[in-house]
Amino acid sequence: MKELELYVHIPFCVRKCSYCDFLSFPAEESVKKRYVDSLIKEIEQSQDRGNCVVSSVFFGGGTPSVLPGEQIVRILDALKKKFVFMENAEISVECNPGTVDEKKLTLYYMAGINRLSFGLQSADDGELRSLGRIHTWESFQKSYQMAREAGFKNINVDLMSALPGQTIQSWENTLEKTAALNPEHISAYSLIIEEGTPFYELYGREDEKREKGGSCVFLPSEEEERLMYERTAQILSQYGYHRYEISNYAKEGRQCRHNCGYWQRKMYRGFGLGASSLMDEWRFKNTDDLEEYMKRIECGEECFAEKEQLSIKEQMEEFMFLGLRLTEGIREADFEKYFGRTLQNIYGDILKKLENQRLVKQERGRICLTSYGTDISNYVLSRFLMD
């Protein structure tokens, strides 16, 4: 049976953060309840995949933990009734500190949820305020400790570098204080200033200036950002974490199986507002309009806003620039298995050039980024687009 991953989008949050361009927003309790009812109906109405077994589920957002615990359990129960689950399926829920309590975490654990992902971002309260986060370092520690006491043995913590006013020292402090808590997984991303966010209004021009090599007043310089990136791997390595993907670090055997599935182009089915799916060569996406989503589901209609059949070329491109994000890279045998063509036949010239530039390396049937290639990964990965 083929592995299938499930993604459930919960678009609600307590308050929109200043940097966030995700599909998320605050909402009244009546709206949240109606949305959950629609979400469960979408699951029940979805096409059966009798040849698939679910290897992972990820509740993302937004902030899924703003829902009452019983609602998350209802959704998970609906998924288990509809799909066949692996016995050891990874089931994750994103949480924000301050939105969970002992009762909610116990409900999660008893329902079979076995992984939590806390959005900390920074251990500095001043930086948290500038981001518009609703929590402090202290409230994060309380939420984290409650999760441990509830029985969770697999916890991720999200961190963010290159923040306005952030120094290399404060970033190192965040890394060390977080790693000292011994979570099984740490995701460490660099802030991206997205159009349409309050941060873009505040720092957009400075960000554009930085990209052209100019000096910054509020944002860390390009050199400081690069040093933060280097220090991330150095410090986390000292605490027993290994980097298995460009921005993700884990203790031995604790890689996020769900995200690895994305990078390896496993099939996934998304449920909820704006959720995307990849089923065989088909990619489709639900509408981003909340009212339209709920009305269409309530009427028994599909809620897709986009649906496309990927060409072999597009599938090959995705295979390369997703798979090469992983430090283990890709197997040439897998490429040939999926596409019936050898990797060298399709990308031989590109690989040779990148290898001569010391950006990729080929060994024992695998292709992966070098350390230097990882540092400039956006450039390297773009080389595998065929247009």
Side-chain angles (χ1 to χ4, degrees), residues 14-22 63 94-99 117-145 155-194 197-211 213-243 245-251 374-375:
V14 176
R15 183 178 68 208
K16 191 84 168 176
C17 294
S18 301
Y19 60 89
C20 179
D21 75 330
F22 296 151
T63 306
E94 285 188 336
C95 305
N96 269 355
T99 63
S117 180
F118 279 108
L120 170 59
Q121 314 312 349
S122 172
D124 183 285
D125 287 346
E127 292 172 1
L128 291 173
R129 284 192 296 271
S130 75
L131 291 171
R133 303 294 288 176
I134 64 169
H135 63 87
T136 62
W137 166 246
E138 182 180 1
S139 62
F140 162 76
Q141 291 180 89
K142 290 179 179 177
S143 295
Y144 181 89
Q145 185 59 34
I155 297 177
N156 168 65
V157 179
D158 284 342
L159 302 176
M160 191 177 293
S161 62
L163 307 179
Q166 189 178 55
T167 65
I168 295 172
Q169 184 178 1
S170 70
W171 174 239
E172 291 175 342
N173 186 51
T174 284
L175 290 169
E176 290 171 352
K177 289 172 74 172
T178 303
L181 292 174
N182 205 32
E184 286 68 30
H185 190 284
I186 294 176
S187 296
Y189 296 98
S190 181
L191 172 68
I192 298 176
I193 308 293
E194 301 283 5
T197 64
F199 262 26
Y200 187 80
E201 297 299 318
L202 291 169
Y203 309 115
R205 290 184 179 178
E206 186 168 276
D207 189 44
E208 293 172 3
K209 184 179 178 182
R210 177 174 61 178
E211 289 179 359
S215 60
C216 299
V217 177
F218 300 105
L219 297 175
S221 67
E222 189 175 357
E223 175 66 14
E224 288 173 320
E225 186 173 359
R226 185 185 65 79
L227 287 173
M228 289 178 187
Y229 180 78
E230 292 177 357
R231 290 296 288 148
T232 302
Q234 293 167 359
I235 289 173
L236 294 185
S237 176
Q238 294 169 7
Y239 284 87
Y241 296 89
H242 70 278
R243 180 164 62 187
E245 190 270 343
I246 290 172
S247 301
N248 284 273
Y249 301 77
K251 293 295 182 71
T374 301
D375 290 343

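Quick note: numbers below take in every heavy atom, side chains included, and nothing from hydrogens, waters or symmetry partners. Because the structure is predicted, anything quoted here is derived from the model rather than measured.
- The aromatic rings of Phe140 and Phe118 sit perpendicular, their planes meeting at an angle over 60°, well past the 30° parallel limit.
- No more than 12 heavy atoms of other residues, nucleotides or ligands sit less than 6.0 Å from atom NZ of Lys142.
- Side chain of Ser190 to backbone of Ala162: no donor-acceptor contact under 3.5 angstrom is found.
- Atom CD of Gln169 is surrounded by 12 or fewer heavy atoms from other residues, nucleotides or ligands within 6.0 Å.
- Residues Thr99 and Val14 have side chains in contact (heavy-atom distance under 4.5 Å, counting atoms from C-beta outward).
- Here the CD1 atom belonging to Ile193 is positioned 9.0 Å from the CG atom belonging to Leu202, to the nearest 0.5 angstrom.
- Here the side chains of Val157 and Ser187 are not in contact, with every heavy-atom distance at 4.5 Å or above.
- Closest heavy-atom contact between Asp158 and Ser117: OD2-OG, 4.0 Å.
- Under a 4.0 Å N-O distance rule, the pair Glu223/Arg226 qualifies as a salt bridge.
- Between Met228 and Pro220, some side-chain heavy-atom pair lies under the 4.5 Å cut-off.
- Counting only N and O atoms by type, the side chains of Asn248 and Tyr189 include a donor and acceptor under 3.5 Å apart.
- The structure places CZ of Phe218 at 13.5 Å from CG of Asp207, a figure rounded to the nearest 0.5 Å.
- Using a 4.5 Å heavy-atom cutoff, the side chains of Tyr144 and Pro183 are in contact.
- Side chain to side chain, Ser161 and Glu225 fail the donor-acceptor criterion of an N or O pair below 3.5 Å.
- For the atom pair Leu191 CG and Gln121 CD, the distance stands at 9.5 Å (nearest 0.5 Å).
- Between Ser170 and Glu127, some side-chain heavy-atom pair lies under the 4.5 Å cut-off.
- Here the closest non-hydrogen pair linking Gly98 and Ser143 is N-OG, 3.1 Å.
- Across all non-hydrogen atoms, the minimal contact from Ala250 to His185 is CB-CD2, 3.8 Å.
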Practice problem: Carefully, step by step, assess Asn173 and Asp124 under the rule side chain to side chain contact (heavy atoms under 4.5 Å, CB included). | Solution: CA-CA 8 Å; Asn173 186 51; Asp124 183 285; 5.9 Å; no

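- Around the OH atom of Tyr229, the shell of radius 6.0 Å holds more than 12 heavy atoms that belong to other residues, nucleotides or ligands.
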Exercise. Let me see the working for Cys17 and Leu131 under side chain to side chain contact (heavy atoms under 4.5 Å, CB included), right down to the final yes or no.
Key: CA-CA 6 Å; Cys17 294; Leu131 291 171; 5.6 Å; no

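- Between the side chains of Trp171 and Thr232, a donor-acceptor pair is found at a separation under 3.5 Å.
- Ile186 places a side-chain heavy atom less than 4.5 Å from the side chain of Tyr241.
- At least one side-chain heavy atom of Leu159 sits less than 4.5 Å from a side-chain heavy atom of Leu175.
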Quiz item: Where do Glu222 and Glu211 land on the side chain to side chain contact (heavy atoms under 4.5 Å, CB included) test, with the steps shown first?
Solution: CA-CA 8 Å; Glu222 189 175 357; Glu211 289 179 359; over 6 Å; no

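- Judged purely by atom type and a 3.5 angstrom limit, Ser237 has no side-chain atom pairing as donor or acceptor with the backbone of Gln234.
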Quiz item: Hey, mind stepping through Glu224 and Leu219 against side chain to side chain contact (heavy atoms under 4.5 Å, CB included) and telling me if it holds?
Solution: CA-CA 9 Å; Glu224 288 173 320; Leu219 297 175; over 6 Å; no

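- Here the OG1 atom belonging to Thr174 is positioned 12.0 Å from the CE atom belonging to Met160, to the nearest 0.5 angstrom.
- Taking a cutoff of 4.0 Å between a charged side-chain nitrogen and a carboxylate oxygen, Lys251 and Glu184 do not qualify as a salt bridge.
- A donor-acceptor pair is defined here as one N or O able to donate and one able to accept, closer than 3.5 Å; such a pair exists between the side chain of Gln166 and the backbone of Leu163.
- Looking at Glu206 and Arg210, no side-chain N of the basic residue comes within less than 4.0 Å of a carboxylate O on the acidic one, giving no salt bridge.
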Exercise. Check step by step if side-chain hydrogen bond (donor to acceptor under 3.5 Å, both in side chains) holds for Thr63 and Asn96.
Key: CA-CA 6 Å; Thr63 306; Asn96 269 355; 3.2 Å; yes

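- The line from CD1 of Ile235 to CD of Glu172 is 4.5 Å long, rounded to the nearest 0.5 Å.
- Formation of a donor-acceptor pair under 3.5 Å by the Arg15 side chain with backbone atoms of Arg133 is found in this model.
- With a 4.5 Å cut-off on side-chain heavy atoms, Cys20 and Phe199 do not count as touching.
- Here the side chain of Ser139 pairs no donor or acceptor atom with the backbone of His135 at under 3.5 angstrom.
- A donor-acceptor contact closer than 3.5 angstrom is absent between the side chains of Asp125 and Thr136.
- No side-chain donor from either of Tyr200 and Arg205 sits under 3.5 Å from a side-chain acceptor of the other.
- Here the side chain of Lys16 pairs a donor or acceptor atom with the backbone of Phe22 at under 3.5 angstrom.
- In this structure, OH on Tyr249 lies 13.0 Å from CG on Asn156, to the nearest 0.5 angstrom.
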